[in-house]
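Structure record follows, encoded as structure tokens.
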Amino acid sequence: QVQLVESGGGLVQAGGSLRLSCAASGRTFRSYTMGWFRQAPGKEREFVAGIRWAGGSTVYADSVKGRFTISKDNAGNTLSLQMNSLKPEDTAVYYCAASAVLSIPTMTGSYMYWGQGTQVTVSS
């Protein structure tokens with residue numbers, strides 16, 4: 001059974017940093033794309049960043065470019081999202097997801113596996 005389990009969320013002041021992790025298990029993800037999405041109250045879930053497990057190519061939403069970094073640990077099947085220079089508008093529940101699409105899709109419908117989410121709150 002595929003499981004994606006996020007951790008690392010919390011409360012941080014504006015300008016601070018957080019590192020999210022996603023532990024992936026239940027299958028081999030080497031041919032998959034992994035992504036981070038977020039959903040703020042009253043808003044649709046949106047793409048944040050994605051990475052190809054093989055090769056490591058990445059894509060970022062314009063809103064987080066230069067501040068967030070997505071990475072993977074091949075040995076441990078762990079996905080990470082380093083978030084720096086956090087802003088109040090980054091407040092949301094952050095989700096880890098996996099897609100079998102070869103490119104790095106940004107639409108939620110392209111991802112077949114999802115974690116339960118972890119809350120990130122940035123205070124001003």
Side-chain angles (χ1 to χ4, degrees):
Q1 182 179 356
V2 173
Q3 277 195 316
L4 301 176
V5 180
E6 303 95 337
S7 61
L11 174 64
V12 64
Q13 288 190 330
S17 299
L18 279 175
R19 186 177 182 88
L20 305 183
S21 294
C22 172
S25 62
R27 67 161 301 131
T28 300
F29 289 94
R30 293 188 182 277
S31 63
Y32 275 60
T33 291
M34 304 298 293
W36 286 100
F37 287 75
R38 66 187 181 187
Q39 187 166 19
K43 294 188 177 181
E44 292 187 352
R45 193 169 297 188
E46 65 175 2
F47 175 81
V48 174
I51 187 168
R52 284 285 299 161
W53 209 282
S57 57
T58 58
V59 171
Y60 294 92
D62 288 343
S63 59
V64 306
K65 277 181 184 176
R67 300 189 298 122
F68 290 11
T69 302
I70 187 171
S71 61
K72 57 180 176 64
D73 171 5
N74 285 330
N77 256 17
T78 300
L79 180 72
S80 298
L81 185 69
Q82 177 66 42
M83 305 186 296
N84 298 328
S85 302
L86 283 161
K87 305 174 181 180
E89 52 263 45
D90 293 318
T91 295
V93 177
Y94 283 71
Y95 297 90
C96 171
S99 170
V101 177
L102 292 179
S103 60
I104 301 178
T106 60
M107 304 297 291
T108 56
S110 297
Y111 288 78
M112 64 181 67
Y113 301 116
W114 292 85
Q116 293 299 307
T118 185
Q119 176 70 47
V120 171
T121 302
V122 184
S123 63
S124 56

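Heads up: numbering here begins at 1 and tracks the sequence. In what follows, every heavy atom counts, from backbone to side chain, and hydrogens, waters and symmetry copies are set aside.
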Inset, instruction - Kindly state each residue pair satisfying ring pair (Phe, Tyr, Trp, His ring centres under 6.0 Å) with at least one member in residues 81-110, sequence neighbours excluded. - result: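 Every candidate ring pair (Phe, Tyr, Trp, His ring centres under 6.0 Å) pair involving residues 81-110 fails, so no pair, neighbours aside, qualifies.
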Which value, rounded to the nearest 0.5 Å, describes the distance between [X] atom [atom1] and [Y] atom [atom2]?
X	Y	atom1	atom2	answer
Leu81	Thr69	CG	OG1	8.0 Å
Trp36	Phe68	CH2	CZ	11.0 Å
Ser57	Ile51	OG	CD1	7.5 Å
Trp53	Leu79	CH2	CG	5.5 Å

Legend entry - Linked, directly or transitively: Met83 and Met34 (ILVMFWY side chains, under 4.5 Å):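 The answer is yes; both residues are in one hydrophobic cluster.
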Which atoms form the tightest heavy-atom contact between [X] and [Y], and what is the distance?
X	Y	answer
Ala40	Ala92	N-CB, 3.8 Å
Ala98	Tyr32	CB-CD2, 4.1 Å
Phe29	Asn77	CD1-ND2, 3.6 Å
Gly115	Glu6	CA-OE2, 3.2 Å

Legend entry - Minimum side-chain heavy-atom gap Arg27-Tyr113 below 4.5 Å: yes
Inset, instruction - Hey, could you give me each pair passing salt bridge (Lys or Arg N to Asp or Glu O under 4.0 Å) that has a residue in residues 49-63? Not counting sequence neighbours. - result: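 Qualifying pairs: Asp62-Lys65.
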Inset, instruction - Any pair with a residue in residues 103-124 that passes salt bridge (Lys or Arg N to Asp or Glu O under 4.0 Å), sequence neighbours left out, goes on the list, sorted by first then second residue, please. - result: none
Side-chain donor/acceptor pairs under 3.5 Å, residues 43-50, sequence neighbours excluded:
from	atom 1	to	atom 2	distance (Å)
Arg45	NE	Gln39	OE1	3.3
Arg45	NH2	Gln39	OE1	3.4
Glu46	OE2	Arg38	NE	2.7
Glu46	OE2	Arg38	NH2	3.2

For residues 99-109, tabulate all N or O donor-acceptor pairs below 3.5 Å that involve a side-chain atom, not counting sequence neighbours.
from	atom 1	to	atom 2	distance (Å)
Ser99	OG	Val101	N	3.1
Ser99	OG	Ser110	O	2.7

Legend entry - Residues, nucleotides or ligands: over 12 heavy atoms within 6.0 Å of Gln116 CD: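 Atom CD in Gln116 is not crowded, with 12 or fewer foreign heavy atoms closer than 6.0 Å.
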Review item, side-chain donor-acceptor pairs of residues 9-26, under 3.5 Å, at least two apart:
from	atom 1	to	atom 2	distance (Å)
Ser17	OG	Asn84	OD1	2.9
Arg19	NH1	Gln82	OE1	3.1

